Amino acid sequence: MTHFRWSMYRHRYLLFLFLLGLAGCVGPVERLPDPAPPRRVVLVVLAGDNNLAEEVSWRLDALMQGWTPMMGPLFVLENRPSINAPRLLRLVCDDADGKHYRTIASYPYLTDTTSEELWRTVLAEVGRQSHPEAHLGIVLFSHGTGWLPEGMLAEPRGLLSDNGREMTPELLGQILPMGRVDFLLFDMCFTAGVEVVYALRERVPLMLVSSAEMVSPGFTPIYRSSLRFLYESQPEGLTKWARTYASLVDRQTDLHRSGTLSLVDTAPLDELAEAMQGMTLPQDLGGMQRFDRGGGAPLFYDLGQVISMQEKSRREKAETCLRRAILYEWHTETFMGYLPLKHHSGLTIYLSSPTYPELNRAYGKTAWGRIVL
């Protein structure tokens, strides 16, 4: 009996100390939905060894403010000019220092976050520090030009542009573990290309992407207020994240009232590619919805508008696939005050142009281009 009573009081005492420690980090205990096992881990990749270094600092601060231990593990792969090498951080909370970043590893032999070796090393380390069956949600922040090959354009630069190097969607798709990644959230420009999501479809079931540029400060305020959505059941959590961002942007009154966002389910993309094989290209590109603001020929057109120009049987099948793929879509009426956004299906597509012969050749080598052209 004495042992039972001591055990009972001991458990209560330890629980009290645990809750007291949490209170020192997060204040009042918030009520979150019960997570479905296995628990999700979130990895945020901040590829900022470029002119986005200041925005890396904003996001580090916002993540720390928005995270609580009750949500689940949060890791950050960071690179920027002020540190000597990419490093893996983990947000932790203890009585002595409260919430803070703990350095898990530094990688001085790897110069940027586009490195395949770095990604595989980091994913393995995150896996070692997580539940063996935990799934992964990944957030990517950097410059972005979707599928465009490395060095093809000067500004902006590629998918994950870091220390002058870029990463292709195809390479990222080869690196990510099969069946373990729940979503990719892109805090970057021009990621809604059908070429991007198609290349990643076998490894990632859900992607939150932008057809146009992400206007600074991007998702920074949402990290601060709504980080819990990334740990909730999906796609409901990402839908709430997207709606929160859309509401924030819609309340702006200046050029910051500009944006596009889509939540993509990748399951229908193989059927979509099949429906688009040998697609008819529009003759007059001048009337097509564009999403980039460059002075040359557009690089990102609305996929839905292209589908609407196909012959009936092809069009109907492709439209059905596109509706199934786009779980949420939002856009402002104009972008940066002058680019009308009259069409936004949720995905974009590149259309060959005599202005870009190198891009035209490169397009046929993409996973999407090999299927549809």
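Just so it is clear, the model here is predicted, and its values are computed rather than measured.
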Practice task
Look at atom CG of Asn84 and say whether more than 12 heavy atoms of other residues, nucleotides or ligands are closer to it than 6.0 Å.
Solution key: no

Handout entry: Gap separating the CD atom of Glu116 from the CG atom of Leu118, nearest 0.5 angstrom
Key = 11.0 Å

Exercise for the section: Could you pull out all residues at least two apart from Phe300 that satisfy ring-ring contact (aromatic ring centres under 6.0 Å, His included)? Expected result: Phe190

Fill in the blank from the handout: The ring-ring contact (aromatic ring centres under 6.0 Å, His included) partners of Tyr328 (sequence neighbours excluded) come to none

Exercise for the section: Would you kindly say whether Tyr350 and Asn360 are connected by a side-chain donor-acceptor distance under 3.5 Å? Expected result: yes

Problem - Ion pair check, Asp292 and Arg290, cut-off under 4.0 Å - result: yes

Handout entry: Pair Arg257 + Glu333: basic N to acidic O under 4.0 Å
Key = yes

Problem - Centroid-centroid under 6.0 Å between Trp147 and Tyr363 rings - result: yes

Handout entry: Any donor-acceptor N or O pair under 3.5 Å, side chains Ser216, Glu55
Key = yes

Problem - Side-chain touch Leu43/Leu136, heavy atoms, less than 4.5 angstrom - result: yes

Problem - Cationic N near anionic O, under 4.0 Å, Arg324 to Asp265 - result: no

Handout entry: Residue from Arg40, His135, Met207 passing side chain to side chain contact (heavy atoms under 4.5 Å, CB included) with Phe183
Key = Arg40

Handout entry: Note, Leu248 side chain near Thr244 side chain (heavy atom, < 4.5 Å)
Key = no

Fill in the blank from the handout: Tested for side chain to side chain contact (heavy atoms under 4.5 Å, CB included) against Met167, the lone hit among Asp112, Thr113, Ile175 is Ile175

Problem - Note, Thr334 side chain near Tyr338 side chain (heavy atom, < 4.5 Å) - result: no

Exercise for the section: Could you label the plane-to-plane angle of the His331 and His344 rings as parallel, tilted or perpendicular, counting under 30° as parallel and over 60° as perpendicular? Expected result: tilted

Practice task
Among residues two or more places apart or on two chains, list those pairs meeting ring pair (Phe, Tyr, Trp, His ring centres under 6.0 Å) that have a residue in residues 77-118.
Solution key: none

Fill in the blank from the handout: Between the CD1 atom in Ile138 and the CZ atom in Arg180, the distance rounded to the nearest 0.5 Å is 11.5 Å

Practice task
Evaluate the criterion side chain to side chain donor-acceptor pair (under 3.5 Å) for residue pair Tyr223 and Asp61; output intermediate values, then yes/no.
Solution key: CA-CA 9 Å; Tyr223 297 130; Asp61 291 343; over 6 Å; no

Fill in the blank from the handout: Nearest heavy-atom approach of Arg39 to Pro69 is NH2-O, 3.7 Å

Problem - NZ or CZ of Arg201 within 45° of Tyr198 ring axis and under 6.0 Å - result: yes

Would you mind writing out the side-chain donor-acceptor pairs for residues 302-309 within the sub-3.5 Å range, not counting sequence neighbours?
from   : atom 1 : to     : atom 2 : distance (Å)
Asp302 : OD1    : Ser345 : N      : 2.8
Asp302 : OD1    : Ser345 : OG     : 3.1
Asp302 : OD2    : Gly304 : N      : 3.3
Asp302 : OD2    : Gln305 : N      : 3.0
Gln305 : OE1    : Gln289 : N      : 2.7
Gln305 : NE2    : Gly287 : O      : 3.3
Ser308 : OG     : Gln305 : O      : 2.6

Exercise for the section: State yes or no: are the ring centers of Phe229 and Trp241 separated by less than 6.0 Å? Expected result: no

Handout entry: Pairing of Glu213 and Arg293 as salt bridge, 4.0 angstrom limit
Key = yes

Handout entry: For Glu274, salt bridge (Lys or Arg N to Asp or Glu O under 4.0 Å) partners two or more places apart
Key = Lys317

Handout entry: Leu63 side chain near Trp58 side chain, heavy-atom distance below 4.5 Å
Key = no

Exercise for the section: Would you give the length of the straight line joining atom OH of Tyr301 to atom CD1 of Ile349, rounded to the nearest 0.5 angstrom? Expected result: 11.5 Å

Fill in the blank from the handout: dist Arg90:CZ -> Ser130:OG (nearest 0.5 Å) comes out at 6.5 Å

Exercise for the section: Evaluate salt bridge (Lys or Arg N to Asp or Glu O under 4.0 Å) for Arg315 paired with Glu311, printing each intermediate quantity in order. Expected result: CA-CA 6 Å; Arg315 181 183 71 246; Glu311 55 93 13; over 6 Å; no

Exercise for the section: Would you mind telling me which of Ile83, Leu88, Leu89 makes a side chain to side chain contact (heavy atoms under 4.5 Å, CB included) with Thr103? Expected result: Leu89

Fill in the blank from the handout: Taken in chain and number order and not counting sequence neighbours, the residues that satisfy side chain to side chain donor-acceptor pair (under 3.5 Å) with Asn79 are Asp162

Practice task
Tell me yes or no: between the side chains of Gln129 and Glu125, is some donor less than 3.5 Å from an acceptor?
Solution key: yes

Fill in the blank from the handout: Here the gap from Thr348 atom OG1 to Glu195 atom CD, rounded to the nearest 0.5 Å, amounts to 6.0 Å

Handout entry: Between Ser247 and Arg251: side-chain donor-acceptor atoms closer than 3.5 Å
Key = yes

Problem - Donor-acceptor contact below 3.5 Å, side chain Thr220 vs main chain Arg59 - result: no

Problem - Polar side-chain atom of Tyr356 near backbone of Ala297 as donor-acceptor pair, under 3.5 Å - result: yes

Exercise for the section: Could you grab the distance from atom CZ of Arg80 to atom CG of Asn51, nearest 0.5 Å is fine? Expected result: 14.5 Å

Practice task
Verify whether one side chain among Ser210 and Thr260 offers a donor that lies under 3.5 Å from an acceptor in the other.
Solution key: yes

Exercise for the section: State plainly whether the residues Arg120 and Glu117 are in salt-bridge range, i.e. N to O under 4.0 Å. Expected result: no

Handout entry: ILVMFWY network linking Met178 to Val122, side-chain heavy atoms under 4.5 angstrom
Key = no

Exercise for the section: Indicate yes or no: at least one non-hydrogen side-chain atom of Val249 is less than 4.5 angstrom from one of Trp330. Expected result: yes

Handout entry: Donor-acceptor under 3.5 Å (Asp97 side chain, Asp94 main chain)
Key = no

